[in-house]
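Before I ask anything, let me first share the structure, which is written out below as structure tokens.
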Amino acid sequence: MVSPVRIVLKAALLFVLVNLLFAAFDPMPALGGLSLYNGLLPGRERLPYGDDPGRAYNLSLYSLEAMFASHQLHGTPKAADEYRVLLIGDSSVWGYLLENKDTLTSALNAAGLRTADGRRAVFYNLGHPTISLSKDLLILDYAIRYQPDLLIWPLTLEAFPLSKQDSSPLLQHNPQRAEALIRNHGLPLDPADPAFVRQDAWGASLLGQRRNLADLLRLQFYGVLWAATGVDVHIPEQVERHAIDLEADERYGEFLPPELPETALALDVLAAGIQRAGETPVLLINEPMFVSRGANSDIRYNSFYPRWAYDQYRQWLQAEAERQSWHYADLWQAVDNDQFTNTPIHLTPAGTQQLAQQIATVLAELFDLEKK
């Protein structure tokens with residue numbers, strides 16, 4: 001007769017062994033690359049993001065492998081007549097409060113642009129709804145393997161302060177990639193930043209990774225609902241509009257007038273992104289924002305920015321772009337003031353169309369991309 005004690009002991013030893021092997025071999029990146037998308041399910045038109053999976057059929061997770069494996073870019077071989085354009089950036093690029101058909105990427109694809117040699121310009125949405133140049137660099141670093149011909153990187157001042165570079169959870173949960181970028185590009189950031197989420201032996205075990213494993217499975221499950229409905233964002237019927245009357249506050253983060261110190265901004269991260277792109281050209285765009293005419297609008301442009309700080313940022317970015325010979329367009333007033341939604345940078349569908357038209361003009365001037 002087999003002893004129950006021996007069975008329990010063997011089961012416990014096997015359990016410990018499985019967890020130790022899981023931690024030793026770290027299969028999470030490989031598991032993240034296993035996906036039903038672009039096979040049984042269509043690829044998503046934007047990177048997974050969402051905090052209401054029950055209504056948006058979407059969720060936020062930290063595996064870049066899983067995020068990209070679910071994206072249509074991953075399942076779209078580059079055709080001989082394709083001129084591939086990747087858009088990175090914040091929530092305004094991702095399309096917060098916008099359906100897929102209304103995003104900036106969709107508007108640019110609808111423009112039907114072609115190169116001088118007849119290739120079709122195909123735009124892919126790789127925006128992610130947190131604001132940090134370092135998070136953008138993380139995505140750019142991963143996306144460059146998809147052979148882009150052009151990268152478009154919309155920017156706003158909120159992405160620049162060094163103190164905000166580690167604020168994105170996506171960056172925090174990819175510490176090895178973040179550390180490599182910091183070291184390889186000599187960025188003025190701390191590779192031992194305590195904000196980075198590092199795994200100890202327990203955290204790397206099967207049990208420690210159960211939440212991340214569950215997220216991988218949930219992404220596949222919600223893919224079925226996404227495929228059936230096309231819904232990947234929940235848009236409430238009522239959205240509280242951004243502030244028009246503003247506080248008489250000249251402070252911008254930890255900064256006070258008269259000077260916004262360039263050394264406190266992440267210029268090096270921007271330069272690292274352009275360096276990482278290599279031969280692929282990068283178009284930097286200072287993205288549109290709401291400009292208030294309400295109370296205290298002589299002090300602040302909007303709830304994000306006091307005038308003194310934003311004016312210096314624009315002058316600084318323009319000067320740096322000229323000094324570095326970067327492709328740059330300042331489109332901060334490219335959209336009508338009544339086309340912003342819940343924040344000074346989120347656009348309505350009509351506002352997004354206006355921005356796409358302005359970008360198309362820039363693309364024609366700088367890259368000879370036109371409707372032909």
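All residue numbers refer to positions in the sequence shown, counting from 1.
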Checklist entry - Distance only, no hydrogens: is a donor on one side chain within 3.5 Å (strictly under) of an acceptor on the other, for Q358 and Q354? => result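 No donor-acceptor contact under 3.5 Å links the two side chains.
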
Checklist entry - Y124 vs H71 aromatic rings, parallel, tilted or perpendicular, using cut-offs 30° and 60°? => result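 Ring orientation, 0 to 90° scale: tilted.
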
Checklist entry - For F304, does its backbone N or O pair with a side-chain atom of R300 as donor and acceptor, under 3.5 Å? => result yes

Checklist entry - Does any donor atom in the side chain of H242 or S303 lie under 3.5 Å from an acceptor atom in the other side chain? => result no

Checklist entry - Just checking, is any N or O donor in the side chain of T156 or Y305 under 3.5 Å from an acceptor N or O on the other one? => result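 The answer is yes; a qualifying pair exists.
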
Checklist entry - Any donor-acceptor pair under 3.5 Å linking the side chain of R276 with the backbone of L140? => result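 The answer is no, because no donor-acceptor pair under 3.5 Å joins these two groups.
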
Checklist entry - Is N58 reaching over with its side chain to a backbone N or O of P48, donor-acceptor style, under 3.5 angstrom? => result no

Item to check | No-hydrogen, no-angle side-chain donor-acceptor test under 3.5 Å, S132 and S168 | outcome: no

Item to check | Residues E158 and K135 bridged, charged N to O under 4.0 Å | outcome: no

Next on the checklist: Quick check: do D149 and T115 have side-chain heavy atoms less than 4.5 Å from each other?
Outcome noted: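 D149 vs T115: side chains apart.
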
Item to check | Cationic tip of R314 above Y310 ring, under 6.0 Å, 45° of axis | outcome: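 Relative to the ring axis of Y310, which defines the angle, R314 lies outside at least one limit.
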
Checklist outcome for this item: With V85 as partner, the option from L113, I152, V122, L108 fulfilling side chain to side chain contact (heavy atoms under 4.5 Å, CB included) is I152

Checklist entry - Just checking, any donor-acceptor pair under 3.5 angstrom between side chains of D232 and Y222? => result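 No, no side-chain donor-acceptor pair sits under 3.5 Å.
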
